[in-house]
Chemist: 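First the structure, then my questions, so here it is.
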Amino acid sequence: MALYAIGDLHLSLSCDKSMEVFGPAWENYTARIEEALGVLTDQDTIILAGDTSWGMNLEEAEADFRFLDRFPGRKLLVKGNHDYWWCTAAKFSRFCGEKGLHTLELLHNNCAFYGDYALCGTRGWFWEEEQKPHDAKVLNREVMRLETSLQAAGEKPILCFLHYPPIYQGYECREILSMLEKYRVRRCCYGHLHGAVIRRRMEGKRGETDFSLISADYLGFIPKKICE
C-alpha cells in the first residue's frame with residue numbers, strides 16, 4: 001500500500017500530439033508510463049498532477065482514460081493547463097460510470113484521504129499567465145479552490161498537489177504560498193516544468209512545507225512514492 005504522484009503524462013492515444021517531438025527525454029514515453037504503472041496494486045493511490053491527456057473533450061480523452069484504468073489502484077486527477085477535456089466532477093463521474101471506468105476521480109474543489117493524510121489540490125497559478133487580461137480573476141478563483149480543498153482536510157495533516165509550481169527560481173505565487181502556510185501543508189508536489197527550465201525548480205523546505213517537482217520527464221516517467 002503506497003501513495004504515488006506524477007504529473008504531465010500528456011497521453012495522446014487518440015490524437016496526434018505525441019510528446020516525442022520534444023526530444024530524447026520523451027522517447028517511448030507511453031511505453032515507459034505503461035511499465036511504471038504496472039507495479040501498482042489495488043491498495044495504492046496515485047495522484048496525476050495535471051496535463052494527463054491531450055484530448056480536447058471527454059470522448060477524445062477516453063482512450064487515455066482507458067489506458068490508465070487498466071492499472072490497479074485509485075487515480076486522483078488534478079487539472080492542468082492542457083487538460084482541455086476537463087469538466088465538472090459530476091459530469092466526469094457520470095462519464096466514467098457509463099464507460100465502465102472505475103478507478104478515476106477528480107481532485108478539484110474537494111479533498112480525498114489516504115491513511116492519516118488529507119490529499120488536496122488544484123491547478124494553481126504561474127507567472128507566465130500574468131500576460132492575460134483576466135489574470136487577477138483566474139488567480140483568485142484558483143486560490144478559492146485551493147482553500148476549499150484545504151478546508152475539507154479538517155484536522156488531518158495535508159499533502160497538496162498542484163499543477164503549476166507555486167515557487168520557482170525568480171518567482172513566487174504569494175497567494176498560493178500563503179494558503180499553504182495558513183493550513184500548515186506538510187508537502188506540496190507540482191508539475192508543469194519540462195526540459196531546460198527544470199533546472200530553475202525550487203525544492204526542499206520552505207517554512208513547514210516540503211516542495212518537490214513531479215513532472216513526468218523529470219521523474220523519468222516513474223511515479224514518485226510519497227508515503228506508504
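All values derive from a computational prediction rather than experimental measurement.
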Chemist: Please confirm whether F67 and F71 have ring centers closer than 6.0 angstrom.
Modeler: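 Judged by ring-centre distance (under 6.0 Å), F67 and F71 do meet the cut-off.
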Chemist: Under the side-chain contact (heavy atoms from CB on, under 4.5 Å) criterion, do Y164 and E142 qualify, and how do the steps go?
Modeler: CA-CA 11 Å; Y164 285 132; E142 282 301 305; over 6 Å; no
Chemist: Nearest 0.5 angstrom please: Y190 OH to L162 CG, how far?
Modeler: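 So the OH of Y190 and the CG of L162 are separated by 10.5 Å.
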Chemist: Are any of the side-chain heavy atoms of L101 and R66 separated by less than 4.5 Å?
Modeler: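 A side-chain contact under 4.5 Å exists here.
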Chemist: Taking the side chain as everything from C-beta on, heavy atoms only, tell me whether C227 gets closer than 4.5 Å to Y117.
Modeler: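 Side chain of C227 against side chain of Y117, heavy atoms only: contact under 4.5 Å found.
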Chemist: Determine, step by step, whether T148 and N110 satisfy the side-chain contact (heavy atoms from CB on, under 4.5 Å) criterion, reporting the C-alpha distance in whole Å, the side-chain angles of both residues, the deciding distance to 0.1 Å, and the verdict.
Modeler: CA-CA 7 Å; T148 296; N110 61 353; over 6 Å; no
Chemist: Give me the atom names and distance for the closest heavy-atom approach of D44 to A2.
Modeler: OD1-N, 2.7 Å
Chemist: Determine the minimum heavy-atom distance between A5 and L219, stating which atoms define it.
Modeler: O-CD1, 3.9 Å
Chemist: What's the spacing between F95 CZ and E62 CD if we round to 0.5 Å?
Modeler: 4.5 Å
Chemist: So do V138 and W125 actually touch side chain to side chain, heavy atoms under 4.5 Å?
Modeler: yes
Chemist: For residues R74 and A112, report the shortest heavy-atom separation together with the two atoms involved.
Modeler: NH2-CB, 3.8 Å
Chemist: According to a hydrophobic-cluster definition based on side-chain heavy atoms being under 4.5 Å apart (Ile, Leu, Val, Met, Phe, Trp, Tyr only), do L3 and V39 belong together?
Modeler: no
Chemist: Does anything in residues 85-102 form a side chain to side chain donor-acceptor pair (under 3.5 Å)? List the pairs, not counting sequence neighbours.
Modeler: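 Of all non-adjacent pairs touching residues 85-102, those that pass side chain to side chain donor-acceptor pair (under 3.5 Å) are D83-W85.
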Chemist: With a 4.5 Å cut-off on side-chain heavy atoms, are D51 and L9 touching?
Modeler: no
Chemist: Is the shortest heavy-atom distance from the side chain of C173 to the side chain of L139 under 4.5 Å?
Modeler: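 Yes, close enough: below the 4.5 Å cut-off.
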Chemist: What are the two closest heavy atoms between P165 and G191, and how far apart are they?
Modeler: CD-O, 3.7 Å
Chemist: Does the side chain of H192 pick up a donor-acceptor pair with the side chain of D8 at under 3.5 Å?
Modeler: no
Chemist: As a test of understanding, state which of T30, L13, T52 forms a side-chain contact (heavy atoms from CB on, under 4.5 Å) with D64.
Modeler: L13
Chemist: Provide the closest heavy-atom pair for A118 versus C111 in the form atom of the first, atom of the second, distance.
Modeler: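 Residues A118 and C111, closest heavy atoms: CB-SG, 3.7 Å.
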Chemist: When you check the side-chain N and O atoms of E60 and S14, is any donor under 3.5 Å from an acceptor?
Modeler: no
Chemist: By side-chain contact (heavy atoms from CB on, under 4.5 Å), which residues pair with R206, not counting sequence neighbours?
Modeler: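 I167, E172, L177, F211.
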Chemist: Group every Ile, Leu, Val, Met, Phe, Trp and Tyr by side-chain heavy-atom contacts under 4.5 Å, then state whether M144 and I176 land in the same group.
Modeler: no
Chemist: Rounded at 0.5 Å granularity, tell me how far CZ in R123 sits from CG in L107.
Modeler: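 Result: 14.5 Å between the selected atoms.
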Chemist: Measure across K156 and G115 and return the closest heavy-atom pair with its distance rounded to 0.1 Å.
Modeler: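 Heavy atoms only, the tightest pair is NZ-O, 3.9 Å.
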Chemist: Let me see the working for W54 and M19 under side-chain contact (heavy atoms from CB on, under 4.5 Å), right down to the final yes or no.
Modeler: CA-CA 10 Å; W54 274 116; M19 296 292 286; 3.7 Å; yes
Chemist: Ring-plane angle category for H82 and H10, please: parallel below 30°, perpendicular beyond 60°, tilted otherwise.
Modeler: tilted
Chemist: So for atom CD, which belongs to E203, do other residues, nucleotides or ligands contribute more than 12 heavy atoms lying within a distance under 6.0 Å?
Modeler: yes
Chemist: Tell me whether the centres of the aromatic rings in F92 and F65 are closer together than 6.0 Å.
Modeler: yes
Chemist: Do the side chain of S215 and the main chain of H194 share a donor and acceptor less than 3.5 angstrom apart?
Modeler: no
Chemist: SG/C189 to CD1/I6 distance, rounded to the nearest 0.5 angstrom?
Modeler: 11.5 Å
Chemist: According to a 4.5 Å side-chain heavy-atom criterion applied to Ile, Leu, Val, Met, Phe, Trp and Tyr, with indirect links allowed, do Y29 and I198 form part of one hydrophobic cluster?
Modeler: yes
Chemist: Hey, quick one: are Y171 and M179 part of the same hydrophobic cluster, counting side-chain heavy atoms closer than 4.5 Å, chains of contacts allowed?
Modeler: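 Yes, because Y171 and M179 connect within a single hydrophobic cluster, where side-chain heavy atoms sit under 4.5 Å apart.
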Chemist: Hey, does E105 have a side-chain heavy atom less than 4.5 Å from the side chain of K75?
Modeler: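 No, their side chains stay 4.5 Å or more apart.
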Chemist: Let's go through R186 and L159 carefully: what are the C-alpha distance in whole Å and the side-chain angles of both, what is the deciding distance for side-chain contact (heavy atoms from CB on, under 4.5 Å) to 0.1 Å, and is it a yes or a no?
Modeler: CA-CA 6 Å; R186 297 277 187 93; L159 306 177; 4.3 Å; yes
Chemist: Could you give the distance from OH (Y183) to CG (L146), rounded to the nearest 0.5 Å?
Modeler: 9.0 Å
Chemist: Would you call Y168 and R200 a side-chain contact if the rule is heavy atoms closer than 4.5 Å?
Modeler: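 Heavy-atom side-chain distance check passes, below 4.5 Å.
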Chemist: Is E20 atom CD crowded by more than 12 heavy atoms from other residues, nucleotides or ligands, each under 6.0 Å away?
Modeler: yes
Chemist: Could you name each residue pair satisfying salt bridge (Lys or Arg N to Asp or Glu O under 4.0 Å) that touches residues 207-228, not counting sequence neighbours?
Modeler: R184-E208, K225-E228
Chemist: Are F113 and L77 linked, directly or through intermediate hydrophobic residues, by side-chain heavy-atom contacts shorter than 4.5 Å (ILVMFWY only)?
Modeler: no
Chemist: What's the separation between atom CG in D69 and atom OG1 in T103, rounded to the nearest 0.5 Å?
Modeler: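 The OG1 atom of T103 is 3.5 Å from CG of D69, to the nearest 0.5 Å.
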Chemist: Is the shortest side-chain N to carboxylate O distance from E27 to R32 below 4.0 Å?
Modeler: no
Chemist: Between V78 and T122, is there a side-chain heavy-atom distance shorter than 4.5 Å?
Modeler: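 Side-chain contact under 4.5 Å: no.
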